[in-house]
Amino acid sequence: MTGRRIVYPPGGKMLKSHSCGELRLDHVGQDVTLAGWVHRRRDHGGVTFIDLRDREGLVQIVINPESSKDARTVVETLRTEWVIQVMGKVNKRPADMKNPSIATGEVEIELAKIKVLNPSKTPPFSINDDSDVDETLRLRYRYLDLRRSRMQRNMKLRHQVTKFIRDFLDERGFWEIETPILFKTTPEGARDYLVPSRVHPGEFYALPQSPQQLKQLLMVAGTEKYFQIARCFRDEDQRGDRQPEFTQLDLEMSFVEREDVMALAEELFTSLVETVTPTRELLSKPWPRLTYQESLDRFGDDKPDIRFALELQDISDLVQGSGFRVFEGAIEAGGSVRGINAKGAGSYSRREIDGLTDFVKTHGAMGLATIAISDDDEIRSPIKKFIAEDLLKAIIDRLAAEPGDLLLFVADSNEVVYEALGKLRLHLRDKLQLVDANVLAFCWVFDFPYVTWDEEGKRWDPSHHLFTAPMEEDEVLLDSAPGEARGQQYDIVLNGYEIGGGSIRIHSRDLQEKAFKLLGLAPEVAQERFGHMLEAFEFGTPPHGGIASGIDRVCMILAGEPNIREVIAFPKNQAARDVMAGAPSAVDPKQLEELHIAIIEEKG
RNA sequence: GGGGGCGUGGUGUAGUGGCCUAACAUGCUGGCCUGUCAAGCCAGAGACCGCGGGUUCGAAUCCCGUCGUCCCCGCCA
């Protein structure tokens, strides 16, 4: 997209009159002062060129034998990444010397004066190209990495995303309100980052996992429409799309129902991507809506990537009574047998199919039943000898299989079947290159179960969070059959990533207490941890709901990057370490003493 | 907490038991060159192969351990 033209004030308010990247034919004849980094230098003996770079782009500086001796002497010493200031005249380039590959390629600067503002050591990796560099090295010299075009592009994109969100919500009456970073621990959910209190020995603040409670209290406070681009903290192990601190668009509205929040969020994100990434193709508008159950049945995933098909098919009804114990056993135990048709993978070797089997095993499945149909219609299948031929045909029909296809089945509990096939589906997406990277596929997933049973902890866990309201018609189920109640929750999914989720909240003390009780919080514990919420709900709390969206993930997808570190200026590595500054680090014993903290050495 | 991949001049890679006195590209240093834009040409410096131990006549290469890093599971909205 075309950025705002940067015009520097004339008369020496800054060290430059123009940015390098903004110069065009209109500027021909003007005397300009530029400042930036030496991108490249091409010394031809007589004539020398410098590509001068700043944030806005590149421009070519020409030094002729007719240029001043002083200038030529300085130019000889220049090296890449030196910071220089140049004064010169903008000339039109002769016709055969234009460079269409850069925006300023029609012009060049005839050097009059040059000043070295700061020399540079040879950087540890090249700044002037986008070659791959070991990520640890990039992180260690992040300030240099951020100078490279990829990161400049990503940081700019991120700015445009947050700027768009702010403008959009401002226009609709939202107030941006900051909430505390030092708050109260909530042992439910993720692990908290704790901050010791110096003035209160033995007591700790916690960094917020999200501003959830505070934004609800802002609704109690009559704010009605709130948002924040908020930093959130979770002390859990990292992934490519998870960092210990990350940024959420957090918003909350009073006097709304589920549809109101969904409509707002859908409009926000649709217009966001249409504005910020106009060349990306939006798969569908309005967004498809999937119930949680439909999402699992079709994609084996509650955050489905709907850019490609490869949908799951249930064959339980077919294989029941087939005599094949692996299939029958799963069904008898309450599970199912489902499969996907990996179109065009029928020629996979034994070795490749074994690879797929190993893959599903890492996701809990016992194994993978396969039916490979070669291009000349020959069927290879380890289960062929266990099932009748007409059943095999029926299964092939159900999966709409053709020569050249590979059918893959998992028989297990529904939970395992969904997980294994859902992940296998994504694995095949990458292996078979089934998606167009330019497409953006949003969808809604809703009608989540209100709670899910945690077998290990022998208790009900919230599928969203503690403050989500159940569907009104399902409230009666909370006592009788909590597992069947649905929550007033909705998730935004983009290209297989959950980029946002929200709910209508509970706004009455009675219902909130009931929810706490269901979730195994004893009244006195609930009072200790969330007394302020319960109390607030007694003072005329409006019905309210909202949504939160992971800005890092959104930017990652819009930037086409493989992980969120690429859209965070100073991210931490997989081990949650800042390798540039060296955080976390040991602290002075004096500091610990002041905080009333003693270190316990690791045992063993 | 568990599993897997990777670690070789500054950078990116090749080499997977002797041909390695470690190769290639790029970068770096010096020289030549008046129109290039990933400039070109010539010359040069630069790694004992993450670290420690072991196997072997012989290890960058095999084994064990360790450290770093990335990915996945667990965990986490």
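Sequence lines set the chain letters: A, B, ... in the order given, protein chains first and strands last, and positions in each chain run from 1.
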So [X], base contact, sugar-phosphate only, or nothing? Heavy-atom distance under 4.0 Å.
X	value
A:N64	base
A:N99	base
A:R41	nothing
A:G240	sugar-phosphate
A:D237	base
A:D43	base
A:H465	nothing
A:L58	nothing
A:G105	nothing
A:S126	nothing

Partner lookup for [N], please. Criteria are Watson-Crick or G-U wobble with both distances under 3.5 angstrom; report none if nothing qualifies.
N	answer
B:G68	B:C6
B:A43	B:U29
B:C37	none
B:G18	B:C57

So for [X] and [N], does any side-chain atom that can act as donor or acceptor lie under 3.5 Å from a complementary atom in the base?
X	N	answer
A:E108	B:G35	yes
A:R93	B:C37	yes
A:R242	B:C76	yes
A:R577	B:G68	no
A:D96	B:G35	no

Between A:E236 (side chain only) and A:Q243 (backbone N and O only), is there a donor and an acceptor less than 3.5 Å apart?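 Not a single qualifying donor-acceptor pair exists.
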With no hydrogens and no angle check, is any side-chain donor or acceptor of A:R338 less than 3.5 Å from a backbone partner on A:L312?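 Pair absent, no side-chain N/O of A:R338 close to backbone of A:L312.
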Separation of the [atom1] atoms in [N] and [M], to the nearest angstrom:
N	M	atom1	answer
B:G12	B:A38	C1'	15 Å
B:A60	B:A23	C1'	13 Å
B:G30	B:A45	P	15 Å
B:C6	B:C42	P	37 Å
B:A25	B:C41	P	11 Å
B:C51	B:G4	P	23 Å
B:C19	B:C71	P	38 Å
B:A22	B:A47	P	10 Å

I want to confirm an ordering. Mapping A:V47 and A:E498 to their closest nucleotides on RNA chain B, which one lands closer to the 5' end?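 Nearest-nucleotide comparison on RNA chain B picks A:V47.
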From [options], nucleotide with atom closest to [X] side chain:
X	options	result
A:R40	B:C75, B:G27, B:A39	B:A39
A:E135	B:U11, B:C70, B:G35	B:C70
A:T122	B:C70, B:C76, B:G27	B:G27
A:P65	B:U34, B:U36, B:C70	B:U34
A:V133	B:U69, B:C75, B:G12	B:G12

I'd like to know whether the aromatic ring centres of A:F467 and A:F530 sit less than 6.0 Å apart in this structure.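 Yes, ring centres under 6.0 Å apart.
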Taking the ring centre of each residue, are A:F183 and A:Y205 less than 6.0 Å apart?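 Aromatic pair excluded; centres sit 6.0 Å or further apart.
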Give the C-alpha distance, both sets of side-chain angles, the deciding distance and a yes or no for salt bridge (Lys or Arg N to Asp or Glu O under 4.0 Å) between A:D474 and A:R486. CA-CA 6 Å; A:D474 292 354; A:R486 293 160 301 158; 2.8 Å; yes
Rounded distance in Å - [atom1] ([X]) to [atom2] ([N]):
X	N	atom1	atom2	answer
A:E245	B:C76	CD	C1'	16 Å
A:R72	B:U34	CZ	P	12 Å
A:R148	B:G27	CZ	C1'	13 Å
A:D130	B:U26	CG	C1'	15 Å
A:I109	B:G35	CD1	C1'	16 Å
A:E236	B:G1	CD	C1'	13 Å
A:E76	B:C32	CD	P	10 Å
A:Y141	B:G27	OH	P	20 Å

Give a yes/no on whether any side-chain N or O of [X] is located under 4.0 angstrom from OP1 or OP2 of [N].
X	N	result
A:K423	B:C73	yes
A:R79	B:U29	yes
A:R42	B:U36	no

Residues A:S295 and A:D301: side-chain donor-acceptor under 3.5 angstrom: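 There is no such pair between these side chains.
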With no hydrogens and no angle check, just 3.5 Å: does a side-chain donor-acceptor pair link A:T185 and A:D192?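 Yes - a donor-acceptor pair under 3.5 Å links their side chains.
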Would you say whether A:F49 stacks on B:U36? The test is a distance between ring centres of less than 5.5 Å and an angle between planes of less than 30°.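 The base of B:U36 is stacked with A:F49 (centres under 5.5 Å, planes under 30°).
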Answer yes or no for this row: A:H44 ring on B:G35 base, centroids under 5.5 Å, planes under 30°.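 Per 5.5 Å and 30° rule: no stacking.
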May I ask you to decide if the ring planes of A:F442 and A:W287 are parallel, tilted or perpendicular, using 30° and 60° as cut-offs?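 Parallel: the ring planes of A:F442 and A:W287 meet at under 30°.
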side-chain hydrogen bond (donor to acceptor under 3.5 Å, both in side chains) partner of A:E252, chosen from A:Q216, A:Q212, A:R505: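 The side-chain hydrogen bond (donor to acceptor under 3.5 Å, both in side chains) with A:E252 is passed solely by A:R505 among A:Q216, A:Q212, A:R505.
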